[in-house]
J.: 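Questions regarding the structure given below will be posed in turn.
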Amino acid sequence: MVRTLIAGNWKMNGLRASLQNVALVSDQLARLPDEADCLICPPATLIREMAGLAGPRLHVGGQSCHPGQSGAHTGDISAQMLADAGASHVIVGHSERRADHGETNDDVAAQVIAVQQAGLTPIVCVGESLAQRRAGETLRVVADQLAGSIPDDAADLPQLVVAYEPIWAIGTGEVAQPDQIAEVHHHIRSVLTDRFGPEAGQIRLLYGGSMTPENAGMILKIPDVNGGLVGGASLKAESFMAIYRAALGLD
Ligand code: PEP
């Protein structure tokens, strides 16, 4: 049985004043049963301070990294640097990185290796565009992304996380229907099991795309959904913790 993971992606949002939310999250986590994992991935500028405030139940992660360890890459941050700042996870291959920075499956696979070598857990994002869904290409696109973005020698499968994030559902308020989520998560599990064997059952599969306190309970009950990657609703402690409580089956 894999543990549910509720992960927040703050994207390019948050100044030091936003860390007051972290104190609220940690405080609430301390009062709730320790039956699901909780992670926030803030901008890199906040990782170190957030890790200092997080307490034992809240993990802190990065939103991307360079595949190299160090060197002449102005503006980039390595996985080792994220680990040094206090991160335990790194999101890789988010559709916004793929779109804004032209990151390819090969780039993402190299990041996965760098993240694992730094002793951190990669969260590999996959998901189709609206045009691809309308063209009936969703399952093929997702399978291609999994094949290209997860290296054959991905170490430590239980420490690998995959997030299914249909691009058309990210930040749009439009949530994928339960049958659409169920179909893609089942497909991801079978693709990974065909490739890696039964151990792939331990890879956590998150759904991401306009998850809110209102829809989280329903989404998290879908088979093969082991948690959520939450953007907008993770920025406020109240909505983020309402999603975490839904993961525990509370409320
Ligand atoms: C995301 O940033 O990965 C995301 C799913 O955003 P939102 O929840 O705002 O759609």
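Count residues from 1 along the sequence. Computed from a prediction, not measured in an experiment: that's the story for all the values here. Indexing begins at 1, ligand by ligand and atom by atom, following the structure's order.
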J.: Contact between A233 and ligand 1, counting heavy atoms under 4.0 Å?
T.: no

J.: What residue and atom, counting heavy atoms only, is the protein's closest point to atom 5 (C) of ligand 1, and at what distance?
T.: E165 OE2, 3.1 Å

J.: In terms of side-chain heavy atoms, does H94 have a donor or acceptor partner in Q63 at a distance below 3.5 Å?
T.: no

J.: Counting non-hydrogen protein atoms only, what is the nearest one to atom 2 (O) of ligand 1? Give residue, atom name and distance.
T.: K11 CE, 2.5 Å

J.: Tell me which one of G208, G231, G171, G8 gets a heavy atom nearest to atom 10 (O) of ligand 1.
T.: G171

J.: At a 4.0 Å cut-off, with the gap strictly under it, does some heavy atom of S234 reach an atom of ligand 1?
T.: no

J.: Do NZ/NE/NH1/NH2 and the carboxylate oxygens of R204 and D37 come within less than 4.0 Å?
T.: yes

J.: Would you please say whether a donor-acceptor pair under 3.5 Å links the side chains of N226 and R3?
T.: no

J.: Give the contacting part of A163 toward ligand 1: side chain, backbone, both or neither, where contact means a heavy-atom distance below 4.0 Å.
T.: neither

J.: Under a heavy-atom criterion of less than 4.0 Å, does E96 contact ligand 1?
T.: no

J.: Can you tell which part of N9 has a heavy atom less than 4.0 Å from ligand 1: side chain, backbone, both or neither?
T.: side chain

J.: Among all protein heavy atoms in this structure, tell me which lies nearest to atom 9 (O) of ligand 1, with the distance rounded to 0.1 Å.
T.: G232 N, 2.8 Å

J.: Applying the 4.5 Å side-chain criterion to the ILVMFWY set and letting contacts propagate, would L248 and L29 be lumped into a single cluster?
T.: yes

J.: Between Q159 and T121, is there a side-chain donor-acceptor contact under 3.5 Å, judged purely by atom types and distance?
T.: yes

J.: Going by atom type alone, with no hydrogens or angles, which donor-acceptor pairs under 3.5 Å involve a side-chain atom of residues 191-199 and a protein atom two or more places apart or on another chain?
T.:
unit_1	atom_1	unit_2	atom_2	d
T193	OG1	R189	O	2.7
R195	NE	D152	OD1	3.4
R195	NH1	L146	O	3.3
R195	NH1	I150	O	3.2
R195	NH2	I150	O	2.5
R195	NH2	D152	OD1	2.8

